[in-house]
*Asks:* 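Below is a structure I'd like to ask you about.
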Amino acid sequence: MKAIPQDSRLRYHCQLHQSADERRADTHPLTWRLREDGARVGFEEYCAKEGYQGATHTLKQCTPDNVIDTMKQANVRGRGGGGFSAGVKWSLTLVGDHLPRGYLICNADEMEPGTFKDRLLLEQQPHLLIEGMIIAGYANRSRCGYIFLRGEYVEAARSVALAIEEARQAGLLGSDIAGSGFDFDIALHTGAGRYICGEETALINSLEGKRANPRAKPPFPGQSGAWGKPTVVNNVETLCNVPGVMQHGADWYQGLSGGLSDDGGTKLYGVSGLVERPGLWELPIGTSGREILERAGGMRQGHSLKAWLPGGGSTGFLLPEHLELALDFDTVDQYGSRLGTGLIAVLSQRQSLLSLLRNLEQFFARESCGWCTPCRDGLPWTVKLLQALERGEGKPGDIELLEQHAQDLGPGLTFCAHAPGAAMPLESAIRHFRTEFEAGIAYSTLEGVS
């Protein structure tokens, strides 16, 4: 793969709306090293900015159990949308002298609608991810790491491939990393473009060259994952939090939230839609939706906020009065939605909710792997009902049928979380905007029927 010149500016990159003066090492662990011009941070520059110090300290001074305990104390929760404790997840990995070393997989298949946070890190600061994977691989006794990258992220692939080679040449990947006795290497795998690969077992199947269907659980990947070996799957942003935790400690990481949330650390928040400045910000986790929207310059002139999705297409709609909520995992759950990826998508009063929802459900229907009936058949049926309502050709009972679909596609009723993710915006849209659905029903006066 062709190398990227050290001083080049990537043609495609996500916009971070925070100056270098605002981003400091003690408050912005994910982004403080990023350059103002958006160019890639190379190996030498990364090392000059305390890069790989967390990894070398961990390999020489800590045991794998020490790392897991620190991650638990820091309460690093999965930034891919699930919010599960990374430390707890690592503690469930089967390890032992009589067991084979397994694998660490970075889920970089960023296909959640309205989400582009991982792309920033992959394109502009890939060494932070590699350092995080080295530490995570050590904690989980992994023999090899894989970065499962969205195939459309061509610039990210070039950036990551170059970073892997740079780290390998510096002795930070391969045999006896930094003289620690730990052997670990990383391979880059570009996916074929399926949203279902965001589900960790479907991702593992795809990595093995199989059809990207979810697997039955148990066994969980921590017991039997890639090629039957213990496997840990974490999101890009999750792994990028690891070096800072191991370099500065769990208490430091917990303090980054500034008391806004019981969760620790910062979060890459973002906004897309009809706002003045779409983009990204690294902020304490628990920052309110209103502050993030204000940083985006508010709605564009002539538009007012109608509703918003707090963390990608598979989260529930919230209303303007919910902007004061702390955007963390537990708070948003209490209002019928999820934090998800933490990237807000706004809907203007001048936009059709039905059109947006129909488009979203079409995406989910198309991306279903077809493994279970409710998802395979229920999502296309949902799309047909929404299309009829959008055209004003809906029939009495269609709304109730959509509500039933949302219930039948809920958690625990399908093979994986794909269909429940599609059901959440559907259910919340009907709950908050039922009159718009009712306006799509064509009532006909038939003889003998009033």
Side-chain angles (χ1 to χ4, degrees), residues 78 80-84 89 92 107 109 111-113 194-206 210-225 233 309-318 329-330 332-341 354 356-389 394 397-434 437:
F84 190 73
K89 190 174 192 177
L92 300 176
N107 183 354
D109 194 52
M111 288 189 64
E112 179 70 15
R194 291 304 307 274
Y195 176 78
I196 194 63
C197 289
E199 200 281 334
E200 60 182 9
T201 61
L203 182 155
I204 291 171
N205 271 341
S206 181
K210 302 172 184 174
R211 181 175 173 179
N213 289 338
R215 296 180 179 179
K217 292 182 284 190
F220 292 91
Q223 288 74 57
S224 178
V233 183
L309 294 166
S314 61
T315 59
F317 285 98
L318 295 174
F329 295 99
D330 297 329
V332 180
D333 284 356
Q334 297 172 17
Y335 289 83
S337 188
R338 297 185 304 113
L339 176 62
T341 58
L354 276 175
L356 184 148
L357 183 63
R358 183 265 309 154
N359 185 59
L360 196 56
E361 296 300 327
Q362 276 185 320
F363 169 82
F364 289 123
R366 183 179 68 244
E367 293 297 328
S368 170
C369 74
W371 194 243
C372 59
T373 303
C375 186
R376 180 184 63 243
D377 296 339
L379 289 177
W381 193 359
T382 297
V383 172
K384 291 180 180 179
L385 291 169
L386 289 171
Q387 287 173 330
L389 290 168
D398 281 357
I399 300 174
E400 289 73 19
L401 190 53
L402 284 171
E403 288 177 317
Q404 186 63 48
H405 274 297
Q407 182 177 336
D408 292 343
L409 295 170
L413 300 176
T414 57
F415 206 72
C416 75
H418 178 83
M424 182 165 277
L426 173 64
E427 182 277 328
S428 59
I430 298 173
R431 174 160 42 92
H432 292 310
F433 300 98
R434 192 180 189 92
F437 288 81

*Asks:* Can you check whether V332's main-chain N or O pairs, donor with acceptor, with R338's side chain at less than 3.5 Å?
*Replies:*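 Not a single qualifying donor-acceptor pair exists.
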*Asks:* Taking all non-hydrogen atoms of both residues, which atom of R215 and which atom of T201 are closest, and how far apart?
*Replies:*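 What the structure gives for the nearest pair is N-OG1, 2.9 Å.
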*Asks:* Could you please spell out the steps behind the side chain to side chain contact (heavy atoms under 4.5 Å, CB included) verdict for E199 and H418?
*Replies:* CA-CA 8 Å; E199 200 281 334; H418 178 83; over 6 Å; no
*Asks:* Backbone N or O of L318 within a donor-acceptor pair of the H432 side chain at under 3.5 Å?
*Replies:*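 Checking the backbone N and O of L318 against the side chain of H432, no donor-acceptor pair under 3.5 Å is found.
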*Asks:* Do E112 side-chain atoms and S314 backbone N/O form a donor-acceptor pair below 3.5 Å?
*Replies:*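 Side chain of E112 to backbone of S314: a pair is present.
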*Asks:* Drop me the distance from Y335's OH to D333's CG, to the nearest 0.5 angstrom.
*Replies:*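 Reported value, rounded in 0.5 Å steps: 12.0 Å.
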*Asks:* Taking it one step at a time, do F437 and L402 satisfy side chain to side chain contact (heavy atoms under 4.5 Å, CB included)?
*Replies:* CA-CA 10 Å; F437 288 81; L402 284 171; 4.2 Å; yes
*Asks:* Can you measure from CG (L386) to CG (L356) and round to the nearest 0.5 angstrom?
*Replies:*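 Spacing of CG (L386) from CG (L356) equals 11.0 Å.
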*Asks:* Enter the distance from E403:CD to D398:CG here, rounded to the nearest 0.5 Å.
*Replies:*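 Interatomic distance, E403 CD to D398 CG, rounded to 0.5 Å: 11.5 Å.
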*Asks:* Kindly say whether the aromatic ring centers of Y195 and F363 come within a distance under 6.0 Å.
*Replies:*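 Yes, the ring of Y195 comes within the 6.0 Å limit of the ring of F363, centre to centre.
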*Asks:* Would you check if the side chain of K89 reaches a backbone N or O of V233 as a donor-acceptor pair within less than 3.5 Å?
*Replies:*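 Yes, K89 side chain to V233 backbone: donor-acceptor pair under 3.5 Å.
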*Asks:* The test is side chain to side chain contact (heavy atoms under 4.5 Å, CB included); show your working for F364 and L426 and say whether it passes.
*Replies:* CA-CA 11 Å; F364 289 123; L426 173 64; over 6 Å; no
*Asks:* Could you grab the distance from atom CE of M424 to atom CG of L360, nearest 0.5 Å is fine?
*Replies:*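 CG of L360 is found 12.5 Å from CE of M424.
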*Asks:* Does atom CZ of F84 have more than 12 heavy-atom neighbours from other groups under 6.0 Å away?
*Replies:*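 Yes, because the 6.0 Å sphere around CZ of F84 holds more than 12 heavy atoms from other groups.
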*Asks:* Backbone N or O of A365 within a donor-acceptor pair of the S368 side chain at under 3.5 Å?
*Replies:*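 Not confirmed, S368 side chain does not pair with A365 backbone.
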*Asks:* List the atom of A423, the atom of A406, and the distance in Å for their closest heavy-atom pair.
*Replies:*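 Between these two residues, the closest heavy atoms are CB-O, 3.6 Å.
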*Asks:* Please report the interatomic distance CG(D377) to NE2(H405), rounded to the nearest 0.5 Å.
*Replies:*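 If we round to the nearest 0.5 Å, D377:CG and H405:NE2 are 10.0 Å apart.
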*Asks:* Within this structure, what is the CG-CD distance for the pair L357 and Q362, rounded to the nearest 0.5 Å?
*Replies:*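 Interatomic distance, L357 CG to Q362 CD, rounded to 0.5 Å: 10.5 Å.
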*Asks:* Heavy atoms only: give me the nearest D408-P374 pair and the separation to one decimal.
*Replies:*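 The pair with the smallest heavy-atom distance is O-CB, 4.3 Å.
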*Asks:* May I ask you to check whether over 12 heavy atoms, not counting those of K384, lie within 6.0 Å of atom NZ?
*Replies:*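 No, because the 6.0 Å sphere around NZ of K384 holds 12 heavy atoms or fewer from other groups.
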*Asks:* Side chains of S428 and R431 only: does a donor on one sit below 3.5 Å from an acceptor on the other?
*Replies:*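 Note: S428 and R431 side chains miss the donor-acceptor criterion.
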*Asks:* When you measure from the side chain of N205 to the backbone of N213, do you find a donor-acceptor pair of N or O atoms at a distance under 3.5 Å?
*Replies:*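 Judged by distance alone, yes, a pair lies under 3.5 Å.
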*Asks:* Would you confirm whether R358, through its side chain, and A388, through its main-chain N or O, come within 3.5 Å as a donor-acceptor pair?
*Replies:*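 No; judged by distance alone, with no hydrogens or angles, the pair does not exist.
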*Asks:* Taking T382 for its side chain and G378 for its backbone only, find out whether a donor-acceptor pair lies under 3.5 Å.
*Replies:*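 Pair found, side chain donor or acceptor close to backbone of G378.
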*Asks:* Evaluate side chain to side chain contact (heavy atoms under 4.5 Å, CB included) for D109 paired with S206, printing each intermediate quantity in order.
*Replies:* CA-CA 11 Å; D109 194 52; S206 181; over 6 Å; no
*Asks:* Taking all atoms of both residues into account, what is the closest heavy-atom pair of I204 and P221, and its distance?
*Replies:*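 Shortest heavy-atom separation between I204 and P221 comes out as CD1-CB, 4.0 Å.
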*Asks:* Determine the minimum heavy-atom distance between R194 and R366, stating which atoms define it.
*Replies:*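 Heavy-atom minimum between the residues: NH2-O, 4.1 Å.
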*Asks:* Would a 4.5 Å heavy-atom cut-off, applied to side chains only, mark N107 and E200 as touching?
*Replies:*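 Not in contact.
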*Asks:* Taking all heavy atoms of A212 and all of C197, pick out the closest pair and write down the distance.
*Replies:*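 Scanning both residues completely, I find the closest heavy atoms to be CB-SG, 3.8 Å.
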*Asks:* Do the non-hydrogen side-chain atoms of L379 and E361 ever get within less than 4.5 Å of each other?
*Replies:*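 Yes. Closest side-chain heavy atoms under 4.5 Å.
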*Asks:* Contact between I196 and C416 at the side-chain level, heavy atoms closer than 4.5 Å - yes or no?
*Replies:*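 Yes, close enough: below the 4.5 Å cut-off.
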